[in-house]
Undergrad: 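Before I ask anything, here is the structure I am working with.
Values in this document were obtained by computation on a predicted structure and should not be read as measured data. Quick note: numbers below take in every heavy atom, side chains included, and nothing from hydrogens, waters or symmetry partners.
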Amino acid sequence: MKNQIKKFNSKVIHSGHGADIETGAVMPPIHLSSTFKQSTPGQFKYEYSRTGNPTRSILELLLAEIENGKYAYAFSSGMAAISCLSDALGHSYHIICSDDVYGGTRRIFDKIKNTNQKIEISYVDLSKESNWQGHIKENTKMIWVETPSNPLLKIIDLEKIKININNSEIIFVCDNTFASPYNQQPIKLGADVVIHSTTKYLGGHSDIIGGALVINDKLELAEKIKYIQNAVGSVPSPFDCYLLIRSIKTLAVRMERHNANAIEIANYLAKHTKVKKVYYPGLKSDPNYETAKKQMNGYGGVLSIDLDGDINSTKKILENIEIFTLAESLGGVESLIEHPAIMTHASIDKKVREELGISDTLVRLSIGIEDVDDLKKALDNALNYI
């Protein structure tokens with residue numbers, strides 16, 4: 001079956017499993033057992049569910065297939081996945097990280113890994129034609145890219161980054177959460193590792209917390225990650241694994257609607273008199289458009305807008321908008337809206353936020369799969385508070 005499946009829309013439905021061998025069940029069973037019988041001491045397929053679980057194995061095979069990797073590991077959250085990868089590279093090393101990333105990524109790098117593991121981080125705008133290679137040091141072990149970025153939707157040319165990494169020992173990592181595997185295939189473009197908050201588009205229904213690491217063919221790195229995954233134990237429950245398997249089956253059809261709705265909303269807001277700027281790589285006027293067009297299959301369901309108002313009018317909009325739910329996270333079937341400076345990126349120092357362009361009037365929208373006319377009407381009504 002695996003060798004016959006070539007197209008993404010078929011992979012998400014069939015990869016990772018077939019009908020259950022014992023019962024013929026079309027959907028894989030949820031193996032809730034914490035422990036497993038051994039035929040003789042030390043001989044087993046599964047030993048203990050922290051170490052390995054049949055439902056998690058199916059999920060990990062599925063994740064590897066849809067991201068074109070060789071190895072995949074599921075975690076209890078995206079942050080657990082980041083922590084595991086950082087731990088796998090040791091201590092006292094250097095990371096080059098794209099400057100506009102999820103606030104939690106900066107927090108774990110700056111406040112946890114820098115302090116506890118003496119990891120040094122250089123934040124660089126990798127979306128620009130700059131001499132980012134000048135930041136590489138003797139102890140640089142990882143280049144961390146988030147594209148599209150959070151919350152300014154910067155696009156980083158993955159192939160160009162890969163070509164310009166002269167040291168094969170440096171791990172090239174791409175956070176593919178905003179794009180999803182449907183819209184972007186980082187390993188095909190040169191990434192060694194893809195990371196996901198599976199909470200977002202892969203889960204798609206705002207009812208799962210999870211993370212994942214997918215690795216190309218770097219066996220030594222994969223073995224380290226597998227060891228830490230087991231030793232630390234930050235793994236998802238079998239039920240959460242099942243929910244993710246179920247959700248990924250509809251990823252392609254959901255992303256088609258997310259993409260279509262978001263580009264229409266972005267074009268609509270780009271012409272709105274109460275919006276100063278729209279950040280969305282699918283707009284032809286966006287500085288990231290050509291790179292996004294080259295490396296993406298669609299532009300995603302997230303966009304940010306800079307409102308032509310102040311903090312008070314911005315809060316009024318967020319408090320009174322209909323259909324959109326004021327909440328953190330993204331990638332669910334329902335539309336969400338949030339304020340990065342107060343919510344998702346509050347852990348970043350105010351000075352850094354301002355340097356990046358995360359202002360008090362910047363709002364991030366996760367466009368769901370509702371009727372797009374209803375979304376437009378809700379936004380138009382809310383913008384009257386400016």
Undergrad: Would you find more than 12 non-hydrogen atoms of other residues, nucleotides or ligands less than 6.0 Å from Lys316 atom NZ?
TA: no
Undergrad: Return the minimal non-hydrogen interatomic distance between Ile263 and Ala260, and the atom names on each side.
TA: CG2-O, 3.2 Å
Undergrad: So, does Asn259 use its side chain to make a donor-acceptor pair with the main chain of Gly300 at under 3.5 Å?
TA: yes
Undergrad: CG of Leu219 to NZ of Lys70: how many Å apart, nearest 0.5 Å?
TA: 7.0 Å
Undergrad: Output yes when a side-chain donor or acceptor of Ser335 lies under 3.5 Å from a complementary backbone atom of Gly368, and no otherwise.
TA: yes
Undergrad: Might you point out which heavy atoms bring Met255 and Ala179 nearest each other, and give the distance in Å?
TA: CE-O, 3.9 Å
Undergrad: Is it true that Ile358 and Tyr102 fall in one hydrophobic cluster, defined by side-chain heavy atoms closer than 4.5 Å?
TA: no
Undergrad: Could you measure the distance from the CG atom of Leu126 to the CD1 atom of Ile156? Nearest 0.5 Å is fine.
TA: 4.5 Å
Undergrad: Can a salt bridge be assigned to the pair Glu354 and Lys350 using a cut-off of 4.0 Å between side-chain N and carboxylate O?
TA: yes
Undergrad: Just wondering, do Thr105 and Trp144 contact through their side chains at under 4.5 Å, heavy atoms?
TA: yes
Undergrad: With the side chain counted from C-beta on, respond yes when Tyr299 and Pro148 share a heavy-atom pair under 4.5 Å apart, and no when they do not.
TA: no
Undergrad: Do Asp310 and Asn312 have side-chain atoms, one donor and one acceptor, less than 3.5 Å apart?
TA: no
Undergrad: Roughly how far apart are Ile155 CD1 and Leu153 CG, rounded to 0.5 Å?
TA: 7.0 Å
Undergrad: Just by modelled atom types, is the Ala74 backbone N or O under 3.5 Å from a matching donor or acceptor in the Gln229 side chain?
TA: yes
Undergrad: Check whether any side-chain heavy atom of His258 lies under 4.5 Å from a side-chain heavy atom of Ile369, and answer yes or no.
TA: yes
Undergrad: Does any donor atom in the side chain of Glu338 or Thr344 lie under 3.5 Å from an acceptor atom in the other side chain?
TA: yes
Undergrad: Where do Asp100 and Glu146 land on the side chain to side chain contact (heavy atoms under 4.5 Å, CB included) test, with the steps shown first?
TA: CA-CA 8 Å; Asp100 183 40; Glu146 186 178 294; 5.9 Å; no
Undergrad: For the NZ atom on Lys276, are there more than 12 heavy atoms of other groups (residues, nucleotides or ligands in this structure) within a distance under 6.0 Å?
TA: yes
Undergrad: Checking Ser247 now: which residues fulfil side-chain contact (heavy atoms from CB on, under 4.5 Å) with it, not counting sequence neighbours?
TA: His205, Ile208, Arg254
Undergrad: I'd like to know whether Leu375 forms a side chain to side chain contact (heavy atoms under 4.5 Å, CB included) with Phe324, so could you lay out the CA-CA distance, the side-chain angles of the two residues, the decisive distance to 0.1 Å, and finally the verdict.
TA: CA-CA 8 Å; Leu375 297 177; Phe324 287 82; 3.8 Å; yes
Undergrad: Considering only NZ, NE, NH1 and NH2 on the basic side and carboxylate oxygens on the acidic side, decide whether Asp87 and Lys224 come within less than 4.0 Å.
TA: no
Undergrad: Is the backbone N or O of Val194 less than 3.5 Å from a side-chain atom of Asn176, with the two atoms forming a donor-acceptor pair by type?
TA: no
Undergrad: Please check this pair: side chain of Lys249 against backbone of Ile13, looking for a donor-acceptor N/O pair closer than 3.5 Å.
TA: yes
Undergrad: For Ser313 and Tyr385, which heavy atoms make the closest approach, and how far apart are they?
TA: CB-O, 3.8 Å
Undergrad: Tell me whether Ile342 shares a hydrophobic cluster with Ile305, the cluster being built from Ile, Leu, Val, Met, Phe, Trp, Tyr side chains joined at under 4.5 Å.
TA: yes
Undergrad: Under a 4.5 Å cut-off applied to non-hydrogen side-chain atoms, are Asn150 and His345 in contact?
TA: yes
Undergrad: Roughly how far, to the nearest 0.5 Å, is the CG atom of Leu303 from the OH atom of Tyr280?
TA: 7.0 Å
Undergrad: Return yes if a side-chain donor-acceptor contact under 3.5 Å exists between Tyr268 and Asp380, otherwise no.
TA: yes
Undergrad: State whether the side chain of Tyr279 and the backbone N or O of Arg364 hold a donor-acceptor pair below 3.5 Å, judged by distance alone.
TA: no
Undergrad: Within this structure, what is the CZ-CD distance for the pair Arg257 and Glu370, rounded to the nearest 0.5 Å?
TA: 9.5 Å
Undergrad: Within a strict 4.5 Å, meaning less than it, do heavy atoms of the Asn164 and Trp132 side chains meet?
TA: yes
Undergrad: For residues Ser366 and Lys200, determine if any side-chain heavy atom of one lies less than 4.5 Å from a side-chain heavy atom of the other.
TA: no
Undergrad: Side-chain heavy atoms under 4.5 angstrom apart, residues restricted to Ile, Leu, Val, Met, Phe, Trp, Tyr: same cluster for Tyr242 and Ile66?
TA: yes
Undergrad: How about CD on Glu138, more than 12 heavy atoms from neighbouring residues, nucleotides or ligands closer than 6.0 Å, or not?
TA: no
Undergrad: Just by distance, do the side chain of Thr361 and the backbone of Gly309 share a donor-acceptor pair under 3.5 Å?
TA: no
Undergrad: Could you tell me if Asn116 and His91 have a donor-acceptor pair between their side chains, going purely by distance under 3.5 Å?
TA: no
Undergrad: Does Glu322 come within less than 4.0 Å of Lys377, counting only side-chain N to carboxylate O?
TA: no
Undergrad: Ignoring hydrogens, what is the shortest heavy-atom contact between Lys141 and Leu89? Give both atom names and the distance.
TA: NZ-O, 2.8 Å
Undergrad: For a quick check under 3.5 Å, do Tyr123 and Asp110 share a side-chain donor-acceptor pair by atom type?
TA: yes
Undergrad: If I take atom CD1 from residue Ile95 and atom CD1 from residue Ile119, how far apart are they, to the nearest 0.5 angstrom?
TA: 5.0 Å
Undergrad: A side-chain contact here means heavy atoms from C-beta on lying under 4.5 Å apart; do Leu251 and Pro181 qualify?
TA: yes
Undergrad: Quiz question: by atom type and distance under 3.5 Å, do the side chains of Ser206 and Glu334 form a donor-acceptor pair?
TA: yes
Undergrad: Determine yes or no for a side-chain-to-main-chain donor-acceptor pair under 3.5 angstrom, with Asp175 supplying the side chain and Thr177 the backbone.
TA: yes
Undergrad: Applying side chain to side chain contact (heavy atoms under 4.5 Å, CB included) to Ile317 and Ile386, what does each step give before you reach the verdict?
TA: CA-CA 8 Å; Ile317 289 168; Ile386 295 179; 3.6 Å; yes
Undergrad: Should we count NZ of Lys315 as having more than 12 external heavy atoms under 6.0 Å?
TA: no
Undergrad: Is it the case that Lys113 and Ser83 place a side-chain donor and acceptor less than 3.5 Å from each other?
TA: yes
Undergrad: Checking the side chain of Ser304 only, and the main-chain atoms of Pro151 only, is there a donor and an acceptor separated by less than 3.5 Å?
TA: yes
Undergrad: Going only through I, L, V, M, F, W and Y residues with side-chain contacts under 4.5 Å, is there a path from Leu330 to Ile265?
TA: no
Undergrad: Should we count NZ of Lys294 as having more than 12 external heavy atoms under 6.0 Å?
TA: yes
Undergrad: Show the numbers, then the answer: is there a side chain to side chain contact (heavy atoms under 4.5 Å, CB included) between Leu221 and Tyr71?
TA: CA-CA 10 Å; Leu221 177 63; Tyr71 312 98; over 6 Å; no
Undergrad: Checking side-chain polar atoms at under 3.5 Å, does Gln184 have a donor or acceptor matched by the opposite partner on Gln295?
TA: yes
Undergrad: Where is the tightest heavy-atom contact between Lys226 and Thr51, given as atom of each residue plus distance?
TA: NZ-O, 2.8 Å
Undergrad: Is it the case that one hydrophobic cluster holds both Val101 and Leu356, taking links as side-chain heavy atoms less than 4.5 Å apart, direct or via other members?
TA: no
Undergrad: Testing the basics here: between Pro236 and Asp240, what is the closest heavy-atom pair and its distance to 0.1 Å?
TA: CB-CB, 4.4 Å
Undergrad: Are the side chain of His196 and the backbone N or O of Gly78 linked by a donor-acceptor pair below 3.5 Å?
TA: no
Undergrad: For Ser33, what residues pass the side-chain contact (heavy atoms from CB on, under 4.5 Å) criterion, not counting sequence neighbours?
TA: Phe36
Undergrad: In the structure I gave you, are the side-chain heavy atoms of Ile136 and Asn167 within less than 4.5 Å of one another anywhere?
TA: no
